[in-house]
Amino acid sequence: DAFPPAVFNLARSAWVPTLEFTVLVRARPAPGWLRCRFTTEHLRGGYLVEDGEMWDSAGVLVCESRQLARVNTPRHP
């Protein structure tokens, strides 16, 4: 959960607290770098669902994640 949220540029919020986080480990990764993709399809009423996928250096999907989070937009005086 260390990556910036997928809506970081859109929401202009540095704080997107996690309400629920699920991780599915599919396989042990091969040595080397991981390739990651995080997407958000919907942002409604201040909530978002972010899906994540991680592939190892051999191209095998090793992990999936789903996060429910709240978008806190800064208030302007």
Shortest non-hydrogen contact from [X] toward [Y]:
X     : Y     : result
Cys63 : Val23 : SG-CG1, 3.5 Å
Thr39 : Arg37 : CG2-CG, 4.0 Å
Ala30 : Ser57 : CB-OG, 3.8 Å
Pro29 : Leu34 : CB-CD2, 4.0 Å

Fill in: For Arg28, side-chain hydrogen bond (donor to acceptor under 3.5 Å, both in side chains) partners two or more places apart
none
Practice prompt. Go through the structure and list residues passing side-chain hydrogen bond (donor to acceptor under 3.5 Å, both in side chains) with Arg26, not counting sequence neighbours.
Written response: Glu64
Nearest 0.5 Å, please: how far is [atom2] in [Y] from [atom1] in [X]?
X     : Y     : atom1 : atom2 : result
Asp51 : Thr40 : CG    : OG1   : 7.5 Å
Met54 : Phe38 : CE    : CZ    : 5.0 Å
Arg66 : Glu53 : CZ    : CD    : 10.5 Å
Leu19 : Leu68 : CG    : CG    : 5.0 Å

Fill in: Beyond-backbone contact of Val49 with Glu41, side-chain heavy atoms, under 4.5 angstrom
no
Worksheet entry | More than 12 heavy atoms of other groups within 6.0 Å of Arg70 CZ | yes
